[in-house]
Amino acid sequence: MLSYIKELSDLCGKLECGIIPECSLKEYNTFRIGGKCQALVSVNSADSLLRLVSFMKEKNINYQVIGRGSNIIVSDKGYDGIIILVGGDFADIKITENKVFCQAGAKLSAVCLEVQKQGLSGMENLYGIPGTVGGALYMNAGAYGSEISDVIESAEYLDTDGNIHSISESDMNLSYRHSIFSEKGGIILSATFRLEKGSPEKIKSAMNECIAKRREKQPLEYPSAGSTFKRPEGNYASKLIDECGLKGLSCGDAEVSTKHCGFVINKGNASCSDVIELCEKVKAIVKEKTGYMLELEPVIIGEL
């Protein structure tokens, strides 16, 4: 065991945060692939996150923040450092009139369900995106013509120097799968959404339609990181992959889904190297046949 793990464990005990040394990350990402990290720590407050990050910096320890792990690809070698999990212990949701305050670890789907009960509209098309509020804002997640940028009002985040800031939507640089956080760093602590009053029944109906579309068109029965490639300007990744005849192409247990070829899926025992090899083949063939260069959407954790 590394010398600082004991100190980190003691700090987690004081902060009442969970810690798992030598933790396999397969159960902490939706692709169900990857190796171990030195330790996984789950945070329960902005203060605990601040103190843990300060400890990592003081000890010069690598760290990476994840939520539900729905948009990451973890290396087979794992991660040489600490994974900080912003999840269920940091997931409060508070609604005041038409404003919704959420801690970063709240599941986006849970927020959608809660606002539906309160008759608040604007997040229907986001229902079913398998991530946390923090992760969704980090990448400006979206689906079916809606994005987080449509409803976000403000957020709080921890900057790279350990200071907490508030930021309004106009300063977040939100665009397709991009934010100021993905561009410049920072750890999202909370987000506040502004919604519109609506009919709970109509909102529920729209959410049910949205999830039905997902189940019909997406390979939700298999582990994946969601859409594997970003949408290239002027086209769609899935359309290009389909036109190139790559549906069903595989490397090991990684496969271009036959249900929706914008998804690379894990058929059972895929490794990270299988996934990366397959993605590189897809990119090369699409580039050769169409001229488009596809870009991975998920973030790679660890060294390949």
Side-chain angles (χ1 to χ4, degrees), residues 29-32 67-72 86-88 91-153 169 174 176-177 190-231 236-239 242 247 257-266 297-298:
N29 70 88
T30 57
F31 229 142
R32 299 292 183 258
R68 295 194 71 200
S70 60
N71 199 47
I72 62 175
V86 177
D92 285 352
I93 303 169
K94 295 177 182 176
I95 299 175
T96 305
E97 296 182 347
N98 67 329
K99 290 190 180 183
V100 186
F101 168 86
C102 312
Q103 290 182 323
K107 293 179 183 178
L108 190 59
S109 57
V111 178
C112 292
L113 288 169
E114 196 61 37
V115 299
Q116 180 274 324
K117 293 176 189 174
Q118 301 298 321
L120 293 174
S121 175
M123 302 185 79
E124 292 88 332
N125 287 350
L126 303 177
Y127 183 53
I129 293 177
T132 59
V133 164
L137 178 55
Y138 180 89
M139 65 173 291
N140 189 24
Y144 305 118
S146 297
E147 292 181 323
I148 287 290
S149 57
D150 298 329
V151 290
I152 188 71
E153 180 177 84
E169 180 274 334
L174 296 170
Y176 175 70
R177 303 302 174 263
S190 67
T192 298
F193 301 104
R194 179 189 288 273
L195 304 177
E196 301 292 333
K197 286 289 185 181
S199 158
E201 292 75 21
K202 287 183 179 178
I203 295 167
K204 185 174 183 179
S205 176
M207 287 167 60
N208 288 341
E209 283 182 30
C210 180
I211 204 69
K213 280 185 200 173
R214 287 181 176 277
R215 288 172 179 153
E216 178 189 354
K217 297 180 179 179
Q218 299 179 6
L220 302 182
E221 62 272 28
Y222 290 105
S224 77
S227 295
T228 309
F229 300 99
K230 292 181 181 179
R231 185 177 68 226
Y236 293 91
S238 58
K239 179 175 177 286
D242 196 16
K247 191 177 284 187
S257 170
T258 56
K259 190 173 185 180
H260 188 314
C261 53
F263 286 64
V264 168
I265 59 173
N266 179 355
E297 185 171 305

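Keep in mind the model is a prediction, meaning the values are calculated, not measured.
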How about CD on E221, more than 12 heavy atoms from neighbouring residues, nucleotides or ligands closer than 6.0 Å, or not?
yes
Sub-3.5 Å donor-acceptor pair from the side chain of N125 to the main-chain atoms of Y144, do we have one? yes
> Is the closest side-chain heavy-atom distance between T30 and P223 below 4.5 Å?
Replying inline: no
Next on the checklist: Given 3.5 Å as the limit, does a donor-acceptor pair link the side chain of N140 with the main chain of S149, or not?
Outcome noted: yes
Those residues at least two apart in sequence (or on a different chain) that pass salt bridge (Lys or Arg N to Asp or Glu O under 4.0 Å) with K213 are none
E297 and N71 have their tightest heavy-atom pair at O-ND2, 3.5 Å
Contacts of S121 meeting side-chain hydrogen bond (donor to acceptor under 3.5 Å, both in side chains) (sequence neighbours excluded), chain-then-number -> E124
So salt bridge (Lys or Arg N to Asp or Glu O under 4.0 Å) across residues 222-231, not counting sequence neighbours, yields K230-E295
Here the pair of heavy atoms bringing L126 nearest to L108 is O-CD2, 4.0 Å
In short, S238 meets G262 closest at the heavy-atom pair CB-N, 3.7 Å
Distance col, row I265:CD1 vs K259:NZ, nearest 0.5 angstrom, shows 10.0 Å
Review point. Would you say the side chain of T132 lies within less than 4.5 Å of the side chain of V86, judging by non-hydrogen atoms?
Key: no
So the salt bridge (Lys or Arg N to Asp or Glu O under 4.0 Å) pairs with at least one residue in residues 94-110 (sequence neighbours excluded) are K99-E153
Main-chain N/O of F229 paired with S227 side-chain donor or acceptor, under 3.5 Å
no
Residues passing the ring-ring contact (aromatic ring centres under 6.0 Å, His included) test with F31, sequence neighbours excluded, are none
Between L113 and M207 the two heavy atoms that sit nearest each other are CD2-CE, 3.8 Å
Query raised in the report: Would you say the side chain of I211 lies within less than 4.5 Å of the side chain of R214, judging by non-hydrogen atoms?
Result: yes
Sorted by chain and number, sequence neighbours left out, side-chain contact (heavy atoms from CB on, under 4.5 Å) with K117 holds for E114
Residues V151 and G122: closest non-hydrogen pair is CG1-O, 3.4 Å
